[in-house]
Amino acid sequence: MLIHAVLGFSVLETLVLAALLLAWADRVAGARLLAAFLIGISMWMVGNELPNWLGPETEPVAMRLLATAPFTSALFFHFCTVFCRVDLGRWGVAAAYALGGGATVVSVILVPGHLIEHRDIGFIAVADPVGTIASMAWVILGMGGVAVLLLALLRARRSGDGQKFRQIAAVTASCLWGLLCLAGYGIAVLDWPIYPFPLLGLPLYSLILVYGILRYGVFVANAWARRALVWALLLALGAVVLALTPLLPFESRWLGGLAVAASVLALNGPVRRVAERLVYPGGEVSVADLGAWRSALLSAETPQALAQQAATLLSTRIGTQVEVQIGTSPTSTSSTASTAPSTPPGSTPQLVCSPAEQGWQTTLQGWDAAPPGPRHVAELFGTVVAEAAARVEQAQQFAARERERQLQARLAELGALAATVAHDIRNPLNIISMAVAAAPGETRREVADQVARIANLTHDLLDFAKPWKLAPRELDLAAHVRNAAQRLPQVSLGAGLAQPLVLQADSRRVDQVLTNLLENARIAMESEADGVESAPATHSPVHIDAETTDNAVLLHICDAGPGVPDEIRSRLFEPFASRSPGGTGLGLAIVARIMAAHGGSVALTERPPWSTCFTLRFPLTTTQRLP
């Protein structure tokens, strides 16, 4: 019978869709719950059809399969809460499973119904009192799940989340379709004198449910839907033509078959275009669309904001979730909006916008399953994104130049101020030094220390603020480190400094960096109460080592002092952020500026067992000018 064949196909289809959901479980919220629900639906349909397939002697097994319906409804309710992001708490979900599971256990033990024979369906299950009570449980849970969907639907509409609204609407529509299909069993149980035709639509229930969710999360699902729709329309057209062949003035099977084949071939192109427009709406792009896209992307000021806004626009337009990456090098950059090598099925399609010699270019990745319409939309959209990326890049460059100009202006003001202060303070310092010439020795030493401290501050301030250029030349960094280490006792050198480390740098500025860091290490060690005794066993208080990478030389200067306080770690290389009581707070700022001038960097790193370690990164290419 037709209805049994349809239900058998529905069981197979539902299991296949459950397997797809499990394969793409990371793409859909609650996908595993939905897959379990579909398996439960399959068990319920098998319970209804088992007596018709294998005979009435399978009634005990069929009744116990039907008894699982309340637990299946609990899975549906749980899926709705997860999919719609409705937090009922642990007890709310537990109560649903308690209701569904309890009703299922009772039905399995007491048997929920018995079989009757119907003229159109064959054997059909009719509920006993136990089955009626169990049915109330799954009805309550089903209505609860639909209520969650309706509330989430209203919330998504108010928030303007179009994609989520469409997904929830598809799940809700599938529920309504499922209720309509189940009305066929009601027709049979009530013994109405009509054929239970609603059951013929049951295969569409799980299809609408799963596709409505995957449509916006898995691109290849749309390609499958398009192919299936094309074949369904062509088969329907062939059936119509076949039904009309008796109207011909002559009767011939060969001519009838030829008419069907000719009609299908002639209408193949239009049918494919119709299916493409149904599955991928909005495949045509007008001048107004391009203008609207440009206007919408104008508000993006950073590559991250541009990527997010572009992904939203393109996903909304083609009805499929798309990722947009700005500034990422594509795997293929042969032409603007070209197609890169394919990505695994089920992965999110990407539009990658990256800089090239001729300007910004866009590349499509993971679009192998896309038909020409959506691909064309993405290619045109990519040109607009490339324009916006170039504008954002220019704006960021302008902002960087403006920040540089303001920094140089502030440094110039600071330099002028420092020069004035240094000039005006030198004479009072000399007078103070001469005034204490006849004072006791302890007083003279204290005044001399404070005068030297003021002089050092003035010198560092002048050095930090004045504009200067590098004079790079080839030098051996290891030799410079060894010479600098001689000025500080108890320094150990690592194996990385045993061989020459040749690079392009300003030797005078490199020596200044080493002097500042080693002086910081000396002050840190002196401030440590137990001095050398606090150093790790078999290690000197200060340790210097180096390593070479493919594009840089890394120099590590470590000490076993008290460490850097947490409150200044985030601003350690800013001016006047000092970790020593007598420091000026400019030493590390000068180090950072010198390293940046070389195109490198300095960072506070962790290298146990040392408490403090500064890592200098010297690139193999040298920047000639200060930032």
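In what follows, residues are counted from 1 in the order of the sequence shown. Note that these values count all heavy atoms, side chains included, but never hydrogens, waters or copies made by symmetry.
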A side-chain contact here means heavy atoms from C-beta on lying under 4.5 Å apart; do Leu149 and Cys175 qualify? yes
Working to the nearest 0.5 angstrom, can you tell me the gap between Leu180 CG and Leu202 CG? 10.5 Å
Minimal heavy-atom distance between Ala137 and Pro70, with the atoms involved, is CB-CB, 4.4 Å
Using every non-hydrogen atom in the two residues, find where Ala388 and Leu306 come nearest and quote the distance to one decimal. CB-CD1, 3.7 Å
Just by modelled atom types, is the Thr312 backbone N or O under 3.5 Å from a matching donor or acceptor in the Ser315 side chain? no
Interatomic spacing from CE in Met143 to CG in Leu150 - rounded to 0.5 Å: 10.5 Å
Identify the heavy atoms of Ala389 and Cys353 that sit nearest to each other, and give their distance. CB-SG, 3.8 Å
Determine whether Ile116 and His114 make a side-chain contact, defined as any pair of heavy atoms from C-beta on separated by less than 4.5 Å. yes
What about Tyr185 and Trp44, are their ring centers closer than 6.0 Å? yes
Checking Glu49 against His4: is there a side-chain donor and acceptor pair closer than 3.5 Å? yes
Find the distance between CG (Leu199) and CD1 (Ile121) and round it off to the nearest 0.5 Å. 5.0 Å
Do Val86 and Leu151 come close enough that some side-chain heavy atom pair is under 4.5 Å? no
Measuring from atom CG of Leu351 to atom CD1 of Ile326, what distance do you get when rounded to the nearest 0.5 angstrom? 7.5 Å
Out of Leu17, Leu15, Val16, which residue meets the side chain to side chain contact (heavy atoms under 4.5 Å, CB included) rule with Glu13? Leu17
Is any side-chain heavy atom of Ser10 closer than 4.5 Å to one of Thr14? yes
Is any side-chain heavy atom of Pro349 less than 4.5 Å from a side-chain heavy atom of Leu364? no
Check whether Ser73 reaches the backbone of Leu141 with its side chain - one donor and one acceptor, N or O, closer than 3.5 Å. no
Would you indicate whether Glu606, at its atom CD, is surrounded by more than 12 heavy atoms from other residues, nucleotides or ligands within a distance under 6.0 Å? no
Parallel, tilted or perpendicular for Phe79 and Phe76, by the 30°/60° rule? tilted
Are Leu298 and Arg391 close enough, and set up right, to give a side chain to side chain contact (heavy atoms under 4.5 Å, CB included), and what steps lead you there? CA-CA 9 Å; Leu298 279 176; Arg391 175 187 57 78; 3.8 Å; yes
Run the numbers on Ile124 and Val189 for side chain to side chain contact (heavy atoms under 4.5 Å, CB included), then give the verdict. CA-CA 8 Å; Ile124 184 173; Val189 171; 3.9 Å; yes
For Thr81 and His78, what are the C-alpha separation, side-chain angles and deciding distance, and is it a side chain to side chain contact (heavy atoms under 4.5 Å, CB included)? CA-CA 5 Å; Thr81 60; His78 190 191; 3.6 Å; yes
Nearest 0.5 Å, what's the CG-CG distance between Leu34 and Leu38? 4.5 Å
Any side-chain heavy atom of Arg64 sitting closer than 4.5 Å to one from Val111? yes
Inspect the surroundings of CH2 in Trp138 and state if more than 12 heavy atoms from other residues, nucleotides or ligands are less than 6.0 Å away. no
Considering all heavy atoms of both residues, which atom of Ala62 and which atom of Gly47 are nearest to each other, and what is their separation? CB-O, 3.2 Å
Smallest heavy-atom separation, Ala31 atom then Leu21 atom, equals CB-O, 3.9 Å
What's the spacing between Thr58 OG1 and Phe123 CZ if we round to 0.5 Å? 9.0 Å
Could you tell me if the side chain of Ile168 sits less than 4.5 Å from the side chain of Phe83, heavy atoms only? yes
Are any of the side-chain heavy atoms of Leu115 and Val126 separated by less than 4.5 Å? no
Nearest atoms (heavy-atom pairs only) where Pro303 meets Gln396: CD-NE2, 3.3 Å
Count the heavy atoms of every other residue, nucleotide or ligand shown that sit under 6.0 Å from CZ of Phe71, and state whether that count exceeds 12. no
Determine whether a donor-acceptor pair (N or O, by modelled atom type, separation under 3.5 Å) exists between the side chain of Trp53 and the backbone of Val46. no
Arg294 CZ: over 12 foreign heavy atoms closer than 6.0 Å: yes
Run the numbers on Leu313 and Leu297 for side chain to side chain contact (heavy atoms under 4.5 Å, CB included), then give the verdict. CA-CA 9 Å; Leu313 288 174; Leu297 297 178; 3.8 Å; yes
